[in-house]
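These notes are about the structure you will find just below.
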Amino acid sequence: MADEQTQTQDGAGAGTTQDTLSVTDNRTGESFELEITDGTVKAMDFRQMKVNEDDFGLMTYDPAFTNTAHCRSEIGFIDGDNGILEYRGYSIEQLCEHSNYLETAYLLIHGDLPTREQYDAWAFDITHHTFIHENIKKFVEGFRYDAHPMGMLEATVGALSTFYPESKDIDDERQRYISAVRMIAKMPTLAAFAYRHSLGLPFIYPDNDLDYPSNFLSMLFKMTEQKYEPDERLTRALDNLFILHADHEQNCSTAAVRGVGSSRVDPYSAVAAGVAALYGPLHGGANEAALQMLDRIGTVENIPDFLEGVKNKDERLVGFGHRVYKNYDPRARIIKQNVDEVFEVTGKNPKLEIAVELEKRALDDEYFTSRKLYPNVDFYSGLIYEALNLPRDMFTVIFAIPRTSGWIAQWLEMVDDEEQKIARPRQIYQGYRELEYTPMDQRSEGEPHQKPSTPLSPEASAPA
Ligand code: ACO
């Protein structure tokens, strides 16, 4: 239901089920009527288009899924032209103003905001599952001192599945719920342990008296004090970052969680796949690159030269542009508002002045405006993480903490979706077929061993 509404609001689909697409296959002269539903046609409807009885049928080709909806979802909505992001229908602006990350996680997972009683029970459950098995601690200790914390997180989340083998029963509601709670609760602990291990510092156990972001900061930074008491402005900024990163519909890591989860593996293994996808520099790593860019620019006076380099395509303005947002990324707008508050506590980072001026000049420049390039979430978030004293290789880890609730919400939706099966894309096979095996002692370097007994023909490349 929400799906139909959002598609129509988006302008992506006219929306009535009578809509059809007429297709004529010029190879055969046959015509077909395909149903248009929610602004989409079914790829499987093309399979009936064949040149003869033996033909496999027409497939669609869409590397990187740039124009393929792989699911129906009621979780996250993005309107890239107007810079809108909503979770379950609530704008991120409202959530950042009135909610907190734990309530937002409840919203994503359960589909609606909790009553006071439901929230208290949820917060209690999350707070009481933050500890990890002592053997996981030993597992973390086994990494080299300079192991990347994201690699440690990926491995430890995956390892949790061996500690909770009952989670494999994904049809059991109770198992699903407890796995969701465990992952949301333990992710900050795993992240903080990875951080402390990289510094050679003792691990700090969770403190159940603290709220979710404060407990995370405590596990990261507590030293000899009896009680860690973070500045409220810092925890609020971190909590807002958690809200803003909680979900972003069918991005690379979410698609990975859904794809791996479609094999009906346990949710810890599916989420580990999400962490692995987020580890990649094209996904979770841009905020670090944005800081490196600001470092390289060095002073406000160097901005014009830098922008010339960008326009000449010698450089990229990192933290600008987005595949979906062709307007100001709504997350960037909120983060920018938080930056001042954080710097009130930590003192100003000179890079902020460069970032603000860079944004101003880029938004005044035809090169960027004509390409609809605006700041994205990564332009300012790195400045906050840096202000919190976090090393750059922790930035992606901090992204993974809140994204866990989005991943789990999407996983839960996927396992209950009767239209879903194991994800199994097709390919256009372009290699040889039916080669004669050449014994090793008859092969020589530089000489091709691939001597087809039958030449590659279009028929030979049809999928089996
Ligand atoms: N700086 C300079 N020029 C840019 C930038 C940029 N950041 N982004 C896009 N352009 C230009 C391209 O060169 C291209 O110009 P052309 O028409 O003259 O060839 C045009 O704008 C369109 O760009 P595409 O590359 O087609 O846009 P696409 O949607 O494929 O890329 C992306 C989106 C990858 C985010 C891109 O904007 C980019 O590289 N940005 C910098 C990296 C970054 O900030 N990534 C974080 C994204 S948010 C996230 O993942 C959480």
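Just so you know, ligand 1 is whichever comes first in the structure, and atom 1 is the first atom listed for that ligand. This structure is a prediction, so every number in the text was calculated from the model and none was measured.
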inquiry  = Set out, in order, the CA-CA distance, both residues' side-chain angles and the distance that settles salt bridge (Lys or Arg N to Asp or Glu O under 4.0 Å) for Asp365 and Lys311, then state yes or no.
reply    = CA-CA 10 Å; Asp365 191 314; Lys311 291 197 258 180; 2.7 Å; yes
Starting from [atom], which protein heavy atom do you reach first, and at what distance in Å?
atom: atom 40 (N) of ligand 1; result: Phe320 O, 2.9 Å
atom: atom 38 (C) of ligand 1; result: Arg316 NH1, 3.3 Å
atom: atom 9 (C) of ligand 1; result: Leu373 CD2, 3.4 Å
atom: atom 20 (C) of ligand 1; result: Arg371 CD, 3.8 Å
atom: atom 2 (C) of ligand 1; result: Val310 CG1, 3.5 Å
atom: atom 50 (O) of ligand 1; result: His283 O, 3.5 Å
atom: atom 49 (C) of ligand 1; result: Asp378 OD2, 3.6 Å

Proximity of [X] to ligand 1 by residue part, where a heavy atom lies under 4.0 Å:
X: His322; value: both
X: Asn251; value: neither
X: Val377; value: side chain
X: Leu317; value: both
X: Tyr367; value: side chain
X: Arg323; value: both

Measuring to protein heavy atoms, does anything land under 4.0 Å from [atom]?
atom: atom 47 (C) of ligand 1; value: yes
atom: atom 31 (O) of ligand 1; value: no
atom: atom 34 (C) of ligand 1; value: no
atom: atom 44 (O) of ligand 1; value: yes
atom: atom 27 (O) of ligand 1; value: no
atom: atom 24 (P) of ligand 1; value: no
atom: atom 13 (O) of ligand 1; value: yes

What atoms of ligand 1 come closer than 4.0 angstrom to any heavy atom of [X]?
X: Ala286; answer: 43 (C), 45 (N), 46 (C)
X: Gly321; answer: 35 (C), 37 (O)
X: Gly319; answer: 43 (C), 44 (O)

Provide the closest heavy-atom pair for [X] versus [Y] in the form atom of the first, atom of the second, distance.
X: Thr156; Y: Phe139; result: CG2-CD2, 3.5 Å
X: Ala155; Y: Phe143; result: CB-CZ, 3.8 Å
X: Val275; Y: Met150; result: O-CE, 3.5 Å
X: Val23; Y: Leu34; result: CG2-CD1, 4.0 Å
X: Val265; Y: Val260; result: CG1-O, 3.7 Å

message = Using 30° and 60° as the class boundaries, would you call the ring planes of Tyr385 and Phe395 parallel, tilted or perpendicular?
response =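 Geometry flag for Phe395 against Tyr385: tilted rings.
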Salt-bridge test for [X] and [Y]: reply yes if a basic N is under 4.0 Å from a carboxylate O, no otherwise.
X: Glu357; Y: Arg361; value: yes
X: Arg236; Y: Glu341; value: no
X: Arg72; Y: Glu413; value: no

message = As an exercise, state the distance from CD1 of Ile303 to CD of Glu353, rounded to the nearest 0.5 Å.
response =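 Reported to 0.5 Å precision, the distance equals 8.0 Å.
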ask   = Can you name the side-chain hydrogen bond (donor to acceptor under 3.5 Å, both in side chains) partners of Thr189, sequence neighbours left out?
value =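 Once residues adjacent in sequence are excluded, Thr189 has no partner under the side-chain hydrogen bond (donor to acceptor under 3.5 Å, both in side chains) criterion.
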query = Just checking, Arg88 and Tyr90: is the charged tip under 6.0 Å from the six-membered ring centre and within 45° of the axis?
reply =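 Pair Arg88/Tyr90 does not count as cation-pi.
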ask   = Is the Tyr325-His248 ring centre distance short of 6.0 angstrom?
value =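 Centroid separation for Tyr325 and His248: below 6.0 Å.
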ask   = For Arg392 and Asp295, what are the C-alpha separation, side-chain angles and deciding distance, and is it a salt bridge (Lys or Arg N to Asp or Glu O under 4.0 Å)?
value = CA-CA 13 Å; Arg392 290 182 186 178; Asp295 277 339; 2.8 Å; yes
message = Check whether Tyr380 reaches the backbone of Leu352 with its side chain - one donor and one acceptor, N or O, closer than 3.5 Å.
response =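 A pair under 3.5 Å: no.
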N/O of [X] under 3.5 Å from N/O of ligand 1, yes or no?
X: Phe399; value: no
X: Leu282; value: no
X: Arg331; value: no
X: Lys313; value: yes

